[in-house]
Amino acid sequence: MVAGIIRQFAIYGEFISASSFGGGHINDTFQSRWNQAGTAVRYTHQRINSKVFVRPDQVMENILRVTRHITEKYQTAGVPDYSRRSLTVVPARDGKPWVQDSNGEWWRTYLFIENVHTKDKTASPQEARFLGASIGRFQKQLADLPPPRLHDTIPDFHNMEKRYIRFYEALEKDVCGRAKDVTAEIDFMKQNEERGAVLLRAQREGRIPERICHNDTKINNILIDDADSSALCVIDLDTVMPGTSLFDVGDLIRSVTTTAAEDERDISKIEFDTVFFESLLEGYLAEAMEFLSKEEIALIAESGRTITQIMALRFLTDYLEGDHYYHISRTEHNLDRSRNQIALIRSMDSKWKKALEIVQKLTGENIC
Ligand code: ADP
Ligand code: GN1
Ligand code: MG
């Protein structure tokens, strides 16, 4: 089945094999191997999750515009190895950027980026600096994307109010009878509802600007170069759409400053690491300081807490609803993830003053 789909893309040479690849929570990813006149090459193929992305055509339109814009910048600037620095969409034989299978599912193909790896947790301050810089650069590169506005591929993706409404509905229905076993997590979410709305309020009051952002900048959506450990290419572009810079900074803080992977079950291993936090922001700000407003800077630390809270809430909601959104590989996977994110928030709270001091030191803005 997969081989039949893959052959519909405009790829030359002999098809060798295809296999499942990568560990994302949303799409199904495969790699294929080809012999192109004696050179072994690979491609990346994804079945787009059409329950999550109800308009895959719009997703692909966004991705084409964004990847072409970034690639053009690298080409113009004469940056070497540019086809490893941004995704390249491979069209289907009929010229479309996707193929639809007999079940109506949508597939896409990218050049396979070689000699890279991804991380589920940060290994060093230098790595955190590289990761931060890659997202600052990504935001800067897209700041001058010509109109029209990108499609909202998932409306209200980081809208805390809407996420709480969904959570309360899940709690009310309690379709799996799981609510009774997770009262501590439910209480945490209720107690933090007000605090979680700080970013949304700033958005609504027009205090922070709309910008094109990635919206899913977790650590393993950035490919790291095997050669020098620099953050080479930002991937997983389905959610690139209008948002705020803080959504991306927030998700970086959530996933890069933690001492454990997102689904680590041993809570004692989870800590907000202020050294990683400082390095991450150094890297990010080296690229982004030139366009950030005072209001955005003032909310940097808060954004990390907010995005972590949104994830804790979404994982818990999916657990209550019966695990139909995120891929899971064990029964309590979503609950473990939610507990993990709650532990990270508690650690952030215990080092809050230090976090603000770091932002103040790096930006020169008086925020403490
Ligand atoms: P998901 O939306 O399910 O998270 P991703 O787009 O993040 O899917 O891809 C899943 C994994 O596949 C990535 O973490 C990465 O390891 C690998 N991957 C995706 N695209 C490429 C590519 N073009 N080249 C090499 N590896 C890739
Ligand atoms: C999903 O696609 P992936 O695995 O990179 C999710 C993100 C969450 C993340 C948590 C479209 O990201 O919002 O932060 O899981 N993506 C979508 O790991 O919902
Ligand atoms: Mg991903």
Side-chain angles (χ1 to χ4, degrees), residues 9 19-33 41-54 56 59-60 62-63 67 71 83-90 106-121 152-159 163 166 213-226 231-241 243 247-248 250-256 258 261-264 304 306-318 323-329 333-334 336-338 340-341 344:
F9 286 95
S19 55
S20 200
F21 190 79
H25 296 347
I26 303 296
N27 298 308
D28 296 313
T29 304
F30 301 84
Q31 61 162 327
S32 66
R33 292 177 183 276
V41 295
R42 293 194 273 179
Y43 289 84
T44 302
H45 312 277
Q46 289 184 318
R47 178 168 44 219
I48 303 174
N49 185 327
S50 56
K51 277 195 225 140
V52 171
F53 299 102
V54 293
V59 168
M60 290 315 293
N62 280 3
I63 290 178
T67 52
T71 301
S83 63
R84 292 175 71 233
R85 295 177 193 276
S86 179
L87 288 173
T88 305
V89 174
V90 178
W106 299 62
W107 292 74
R108 66 176 164 227
T109 293
Y110 293 120
L111 294 188
F112 189 97
I113 298 176
E114 295 288 351
N115 305 315
V116 293
H117 58 277
T118 54
K119 287 291 188 70
D120 288 327
K121 64 177 185 176
D152 287 302
T153 55
I154 306 183
D156 295 313
F157 190 52
H158 288 313
N159 182 323
R163 294 290 182 187
R166 178 84 184 256
C213 64
H214 182 284
N215 285 297
D216 191 2
T217 54
K218 70 171 176 181
I219 184 167
N220 62 21
N221 283 331
I222 301 170
L223 301 180
I224 298 173
D225 198 340
D226 291 344
L232 188 73
C233 180
V234 180
I235 60 163
D236 206 345
L237 305 176
D238 308 85
T239 51
V240 177
M241 60 182 157
F247 295 160
D248 289 354
D251 209 13
L252 275 175
I253 295 171
R254 174 184 83 84
S255 60
V256 175
T258 177
E262 184 186 75
D263 59 355
E264 171 61 57
T306 304
I307 298 295
T308 311
Q309 188 177 334
I310 287 209
M311 294 317 152
L313 186 68
R314 290 176 60 196
F315 288 138
L316 187 60
T317 304
D318 201 32
D323 308 306
H324 59 73
Y325 186 89
Y326 294 107
H327 291 170
I328 54 165
S329 47
H333 213 154
N334 274 317
D336 293 340
R337 290 168 176 151
S338 183
N340 175 307
Q341 301 291 285
L344 182 58

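First listed ligand is number 1; within each ligand, the first listed atom is number 1.
Of all protein heavy atoms, the one lying nearest to atom 5 (P) of ligand 1 is Gln46 NE2, 3.4 Å. Closest to atom 19 (O) of ligand 2 among all protein heavy atoms lies Tyr325 OH, 2.5 Å. For atom 3 (O) of ligand 1, the closest non-hydrogen atom of the protein is Asn27 N, 2.9 Å. When only non-hydrogen protein atoms are considered, atom 16 (O) of ligand 1 lies nearest to Thr118 CG2, 4.0 Å. Ranking the protein heavy atoms by distance from atom 9 (C) of ligand 2 puts Lys218 NZ, 3.8 Å first. The protein heavy-atom contact nearest to atom 14 (O) of ligand 1 is Asn220 O, 3.4 Å. Atom 11 (C) of ligand 1 has Gly22 CA, 3.8 Å as its closest protein atom, hydrogens excluded (heavy atom only). Regarding atom 1 (P) of ligand 1, its nearest protein heavy-atom neighbour is Asp236 OD2, 3.4 Å. Atom 1 (C) of ligand 2 has its closest protein heavy atom at Ile26 CG1, 3.7 Å. Looking only at protein heavy atoms, the nearest one to atom 17 (C) of ligand 1 is Phe21 CE2, 3.7 Å. The shortest contact between atom 13 (O) of ligand 2 and any protein heavy atom is with Arg314 NH1, 2.9 Å. Nearest protein heavy-atom contact of atom 15 (O) of ligand 2 is His25 CD2, 3.3 Å. Ranking the protein heavy atoms by distance from atom 22 (C) of ligand 1 puts Thr44 OG1, 3.2 Å first.
Geometrically, ligand 2 and Asp236 share a nitrogen or oxygen pair separated by less than 3.5 Å. Residue-to-ligand polar distances keep Thr239 apart from ligand 2: every N/O pair is separated by 3.5 Å or more. For ligand 2, none of its N or O atoms has an N or O atom of Asn215 under 3.5 Å away. Looking at Glu262 next to ligand 2, an N or O pair under 3.5 Å apart turns up. Residue Ile235 has no nitrogen or oxygen atom sitting less than 3.5 Å from a nitrogen or oxygen atom of ligand 1, judged on distance alone. Ligand 1 has a nitrogen or oxygen under 3.5 angstrom from a nitrogen or oxygen of Asn221.
Distances shorter than 4.0 angstrom do not occur between any heavy atom of His327 and any atom of ligand 2. The shortest heavy-atom distance from Leu111 to ligand 1 is under 4.0 Å.
In this structure a side-chain-to-backbone donor-acceptor pair under 3.5 Å is present from Asp318 to Tyr325. When atom types are taken as modelled, the side chain of Thr153 and the backbone of Val59 share no donor-acceptor pair closer than 3.5 angstrom. Listed for the His45 side chain is no donor-acceptor partner under 3.5 Å among the backbone atoms of Trp107. Side-chain N or O atoms of Thr109 include none that pairs as donor or acceptor with a backbone N or O of Val90 at under 3.5 Å. Without hydrogens or angle criteria, Thr118 side chain to Asn220 main chain gives no donor-acceptor distance under 3.5 Å. Without hydrogens or angle criteria, Asn215 side chain to Gly243 main chain gives no donor-acceptor distance under 3.5 Å. Using modelled atom types, one side-chain atom of Arg84 and one backbone atom of Asn115 make a donor-acceptor pair closer than 3.5 Å. Within the 3.5 Å criterion, the main-chain N or O of Leu232 finds no donor-acceptor partner in the side chain of Asp225. Judged by distance alone, with hydrogens and angles left aside, the side-chain atoms of Ser338 form no donor-acceptor pair with the main-chain N or O of Asn334 at under 3.5 Å.
Within the 4.5 Å cutoff, the side chain of Glu262 has heavy atoms near those of the Gln341 side chain. Between Arg108 and Asn27 the shortest side-chain heavy-atom distance falls below 4.5 Å.
Contacts between Ile113 and ligand 1 below 4.0 angstrom, taking non-hydrogen atoms only, involve backbone and side chain alike. Here Phe315 has side-chain heavy atoms under 4.0 Å from ligand 2, and that is the only part of it that gets that close. Counting heavy atoms under 4.0 Å from ligand 2, residue Met311 touches it through the side chain alone. With a 4.0 Å heavy-atom cut-off, ligand 1 is reached by the side chain of Thr29 but not by its N, CA, C or O. Only the side chain of Leu87 comes within contact range of ligand 1, with a heavy atom under 4.0 Å; no backbone atom does. In Arg254, the part holding a heavy atom less than 4.0 Å from any atom of ligand 2 is the side chain.
Salt-bridge annotation for Asp236 and Lys218: absent, with no side-chain N of the basic residue lying under 4.0 Å from a carboxylate O of the acidic one. A salt bridge does not link Arg166 with Asp156: none of the charged nitrogens is closer than 4.0 Å to a carboxylate oxygen.
Counting only distances under 2.8 Å, and ignoring water, the protein N, O or S atoms around the Mg ion (ligand 3) are Asn221 OD1, Asp236 OD2.
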With side-chain hydrogen bond (donor to acceptor under 3.5 Å, both in side chains) as the test, would you mind laying out the steps for His333 and Asp323 before giving the verdict?
-> CA-CA 9 Å; His333 213 154; Asp323 308 306; over 6 Å; no
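Phe112 and Phe21 have their aromatic ring centers within a separation under 6.0 angstrom.
Close approach of ligand 1 to Gly24 (heavy-atom distance below 4.0 Å) involves ligand atoms 1 (P), 3 (O), 4 (O).
Looking at Asp238, Asp216, Thr29 and measuring to atom 12 (O) of ligand 2, the nearest heavy atom belongs to Asp216.
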